[in-house]
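Heads up, the thing below is written out as structure tokens.
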There are 2 protein chains.
Amino acid sequence: MDKVNIKKLAAELNLSAATVSRALRDSHEIGAATKARVMEMARKMNYVPNPSASNLRSHKSKTIAVIVPEIANSFFSQAINGIEEIARAHNYHVLIYQTHENVELENAFIRSLLSGRVDGILISIASGLNGERNFKDVLPVLPLIFFDRVYEDIEAIKITTNDYQSSYTATKHLVENGCKKIAYLKGIDHTPAGKNRIAGYIDALRDSDILFDDRLMIATGDEQQENPDLVKNLLLSQKPDGLIASIEDLALPCYYACRDLGLKIPEDVKIISFSNLKTAGILNPSLTTITQPAFEMGRTAAGILFKILNRKEVEPNQTLVLDSELVVRESTGSLTQPSPKERA
Amino acid sequence: MDKVNIKKLAAELNLSAATVSRALRDSHEIGAATKARVMEMARKMNYVPNPSASNLRSHKSKTIAVIVPEIANSFFSQAINGIEEIARAHNYHVLIYQTHENVELENAFIRSLLSGRVDGILISIASGLNGERNFKDVLPVLPLIFFDRVYEDIEAIKITTNDYQSSYTATKHLVENGCKKIAYLKGIDHTPAGKNRIAGYIDALRDSDILFDDRLMIATGDEQQENPDLVKNLLLSQKPDGLIASIEDLALPCYYACRDLGLKIPEDVKIISFSNLKTAGILNPSLTTITQPAFEMGRTAAGILFKILNRKEVEPNQTLVLDSELVVRESTGSLTQPSPKERA
DNA sequence: CTGTTAGCGCATTCAC
DNA sequence: GTGAATGCGCTAACAG
């Protein structure tokens, strides 16, 4: 039975419930000897505190929420990994919600979290057009930290990656490897990340004295089905010698499009894709990827949240920008060192 | 402020707290008119119920826990995706814990969940040697459902995939495609899944009149670093013409080993890997994979849990076996249809 | 159909 | 240092 509560512990120890409660919380006004006795008995009786009762009284849930578009996405699952580790270190619990890019669902989640169920929220927002968002209602009530998919129209703590820079670097990398016509495959292009990636591409072209040709920049769809054809059409009509896939899901369509057309990678077309798949190099030894520090981002976001929860100094409304990594794989077989085992 | 509670609502409405509570919970003993009034006022006053108070009284947390070895693993993240969707449909919240294959951590999580924090647990157990497990202490207190990594020494509801059959099929597939010497790369081999995969391989060889040669079955390590070399040694010393990678992480080492040795896939060596990576086909058009129905498994496990929570009929101690899928990719470019968009 | 009473388990006043 | 009382917000049990 799980009926062991503070009262029973107290009775067993000939102490009052208040004393036991204090001893368990390691209060300074309890003698060391008593504390030891209480702890010992708690262990022996297999006492487990009731979090609901504790929350109700203390207004601390020991729980944080993570809201992301999709869990089964290598970036977000790595970020959640990082968050979970930090939470665990603080003896906190982690609630997970996925919005599937649906803003209304996101709002519903947030609303339901305004009830004291959690002490803070980490969010990577849904890409749905920025309709009604009620983030402003959250901030006075709970710490809210944005990571990766940040919300622009609000002053808050935000953690992103240098999308502009990495896209710029990627484009430059292709130029330096001889590409003259570099195409860009857009993903979700109304987010800050999407915009920054496009800007980096365009600026890198400009700085390389290559004329930007908007026929080389195409929108892609949600479905895996159509994208290979979109890329094929692009390859046929524009004959680019380089491709930048601005999101992970576009790497595979590029690969298949090239194969179907008999184009060799990287001899005929060089490809760089944004991707957090650890096995991305598998695609082709020549596939260069831009990898976001998802795990680190999760840890960082959670770290800041716990600083706030522990009332430590935190720079308000800061925007932290973490570096992405351009991973170039040589066809010699020695692949650039992947990031070290993350949980080491 | 979030100070609106049932009492204030009641005062505003000239009703008792109990009536308001019942109205909000849509109790059948409240008149439609009153319900409407209450709901209206609740909305107007922006009332959000306090879950801790509710839990404390009702012993229902509206929360379930998911315990997995790693979140950032395509199989588990897809499973969590499925779980989250079902939980969402039931207006439940989902707590996530990762054990990193550490049994003690797993025990600690479970122990902390015996406090009323959750109404049920879905678990895929850590692979650490089956030391002290306290699953038996859980069952009388909470519904506990095992998925994928099930615990053998307990009577409980378990959901797995047909590891034996899929490994058997994979081996047969290689034989039918001309392989005579098929090597097997072991992952974690003391789990039921690991054992079943090995058994399927061995039985398929036997049924194909191929002598099992244990030099063709090698253990692999945790680190990406060493595995390519292990595979290389195997390829050099045994010269197999087929490889079965029993876990996802082994596909890449196989690929690199072949490349480093100048072996062509699939001409010189055919490879089949267990893998849940949607982009696995990316490796090589000829890579055949065995894909587990992770999403479906998550949905199924959660579905059964909610049946239990809703006191519906559930066959006790059932073991459900879902089918894995052998996905053969043709080098013609038409890849076998991937599973349909999961959240459709 | 609605109100009154009581108490879930704990942490925080105050006393002493 | 410790104990006795009080109430966090809600819902179950019992009235009526």
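Residue numbers begin at 1 in each chain, while the letters A, B, ... track the order of the sequences. Every heavy atom of this structure was used, including side-chain atoms; hydrogens, water molecules and symmetry mates were not.
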### Query
In whole angstroms, how far is the C1' atom of D:dT11 from the CG atom of A:L56?
12 Å
### Message
Does the plane of the ring in B:F146 sit parallel, tilted or perpendicular to the ring in B:F135? Use 30° and 60° as the thresholds.
### Response
perpendicular
### Task
Would you tell me whether A:Y47 and A:N5 have side-chain atoms, one donor and one acceptor, within less than 3.5 Å of each other?
no
### Query
Does the side chain of A:R111 pick up a donor-acceptor pair with the side chain of B:N46 at under 3.5 Å?
yes
### Under 3.5 Å side-chain donor-acceptor pair for A:Q98 and B:N81
yes
### Message
Between P on C:dC8 and CZ on B:R57, what's the gap in Å once rounded to a whole number?
### Response
8 Å
### Donor on one side chain, acceptor on other, A:N55 and A:S61, under 3.5 Å
no
### Message
Nearest whole Å is fine: how far is C:dT12 P from A:L24 CG?
### Response
13 Å
### Query
Can you check whether B:T34 has a side-chain N or O nearer than 4.0 Å to OP1 or OP2 of C:dT2?
yes
### Message
Using OP1 and OP2 only, check whether a side-chain N or O of B:R25 sits under 4.0 Å from D:dT11.
### Response
yes
### Message
Counting only heavy atoms and a strict 4.0 angstrom limit, can you tell me which residues of residues 6-21 of chain A come near DNA chain C?
### Response
A:I6, A:A18, A:S21
#### Entry: Pairwise 5' ranking along DNA chain C for B:A53 and A:E29, keeping only the more 5' one
B:A53
#### Entry: SB check A:R88 A:E85 (cutoff 4.0 Å)
no
## Note on the structure
Of B:H59 and B:K35, the one whose nearest nucleotide on DNA chain C sits closer to the 5' end is B:K35
### Message
Can you identify which nucleotide, out of D:dT2, C:dT2, D:dC10, has its nearest atom closest to the A:R22 side chain?
### Response
D:dT2
### Task
Examine C:dC10: is either OP1 or OP2 under 4.0 Å from a nitrogen or oxygen in the side chain of A:Y47? Give yes or no.
yes
### Task
Quickly work out the B:H28 NE2 to D:dT11 P distance and round it to whole Å.
16 Å
### Message
Is the phosphate of C:dA11 approached by A:S54 (side-chain N or O, under 4.0 Å from OP1 or OP2)?
### Response
yes
### Query
So, is A:N5 close to the C:dG9 phosphate, meaning a side-chain N or O under 4.0 Å from OP1 or OP2?
yes
### Message
So does A:A23 get a backbone contact from the side chain of A:S27, meaning a donor-acceptor N/O pair under 3.5 Å?
### Response
no
### Task
To the nearest Å, give me how far apart CZ (B:R37) and C1' (C:dC1) are.
14 Å
